[in-house]
Amino acid sequence: MYLLEVLSGPLDGKTWSFESEITIGRDDTVAEACIALDRYVSRKHAHVRVSGETLQLTDLDSRNGTKVNGETVSGDASLALGTPFMVGRTVLRVTRV
């Protein structure tokens with residue numbers, strides 16, 4: 001079990017648990033992790049999935065991009081547990097429960 005946590009942004013402290021994958025976005029009909037209060041988050045912004053012992057972070061052609069360590073994600077990017085990443089103006093991280 002994994003936990004997606006908001007580190008800073010309009011939903012600071014909010015968490016979502018997931019088993020193998022989770023979609024992040026502004027629209028709760030297409031995103032399990034809904035960040036509706038951040039107007040810089042796209043309707044369907046990014047996707048995180050477990051791939052063996054690592055995580056894969058994918059930007060879903062969002063308008064404002066997804067960033068890890070200040071670098072814009074293009075396609076899939078490997079993401080280590082606990083590494084902060086940004087969607088819109090919201091900083092998130094994934095940890096194990």
Side-chain angles (χ1 to χ4, degrees):
M1 180 72 78
Y2 294 87
L3 193 69
L4 176 66
E5 175 184 14
V6 177
L7 297 178
S8 74
L11 295 176
D12 192 14
K14 172 80 174 151
T15 62
W16 298 269
S17 59
F18 67 99
E19 289 287 332
S20 60
E21 61 184 339
I22 191 165
T23 301
I24 304 159
R26 199 176 65 235
D27 184 343
D28 65 2
T29 63
V30 294
E32 296 87 9
C34 181
I35 306 173
L37 296 175
D38 185 341
R39 65 187 180 117
Y40 294 94
V41 173
S42 295
R43 180 175 172 264
K44 197 172 178 182
H45 197 106
H47 185 81
V48 176
R49 69 177 157 67
V50 178
S51 177
E53 292 299 313
T54 63
L55 300 169
Q56 291 294 312
L57 174 64
T58 306
D59 181 77
L60 302 174
D61 296 322
S62 66
R63 173 178 241 176
N64 293 301
T66 301
K67 295 184 178 181
V68 178
N69 297 324
E71 299 291 321
T72 301
V73 172
S74 141
D76 286 345
S78 290
L79 184 68
L81 280 173
T83 301
F85 63 97
M86 182 177 270
V87 297
R89 292 191 174 170
T90 300
V91 179
L92 304 150
R93 74 173 171 189
V94 176
T95 57
R96 278 191 199 247
V97 175

For a 4.5 angstrom cut-off between non-hydrogen side-chain atoms, does [X] reach [Y]?
X	Y	answer
E21	H47	yes
S42	N64	no
K14	E5	no
L55	F85	no
R26	C34	no
V48	I24	yes

Taking a hydrophobic cluster as the set of Ile, Leu, Val, Met, Phe, Trp and Tyr residues connected by side-chain heavy atoms closer than 4.5 Å, whether directly or through intermediates, do [X] and [Y] fall within one such cluster?
X	Y	value
W16	L57	yes
F18	L3	no
V73	L60	no
L4	V6	yes
M86	I22	no

Which residue, L7, L81, L79, T83, forms the side chain to side chain contact (heavy atoms under 4.5 Å, CB included) with R93?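 The residue from L7, L81, L79, T83 that satisfies side chain to side chain contact (heavy atoms under 4.5 Å, CB included) with R93 turns out to be L7.
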When rounded to the nearest 0.5 angstrom, what is the spacing between CZ in R63 and CZ in R43?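 Atom-to-atom, R63:CZ and R43:CZ are 14.5 Å apart.
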So, taking the atom named NZ in K44 and the one named CG in D59, what distance separates them when rounded to the nearest 0.5 Å?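 CG of D59 is found 12.5 Å from NZ of K44.
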Would you name the heavy atoms of A46 and T66 that are closest together and state the gap between them? CB-OG1, 3.8 Å
Between P84 and V91, what is the shortest heavy-atom contact and its length?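 Looking at all heavy atoms of both residues, the closest pair is CB-CG1, 3.9 Å.
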Do [X] side-chain atoms and [Y] backbone N/O form a donor-acceptor pair below 3.5 Å?
X	Y	answer
H45	D61	no
D38	G88	no
D27	T29	yes

Does the side-chain contact (heavy atoms from CB on, under 4.5 Å) test come out yes or no for L37 and L11, once each step is laid out? CA-CA 8 Å; L37 296 175; L11 295 176; 3.7 Å; yes
Charged N-O contact under 4.0 Å between E53 and R96: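 Result for this pair is yes, salt bridge flagged.
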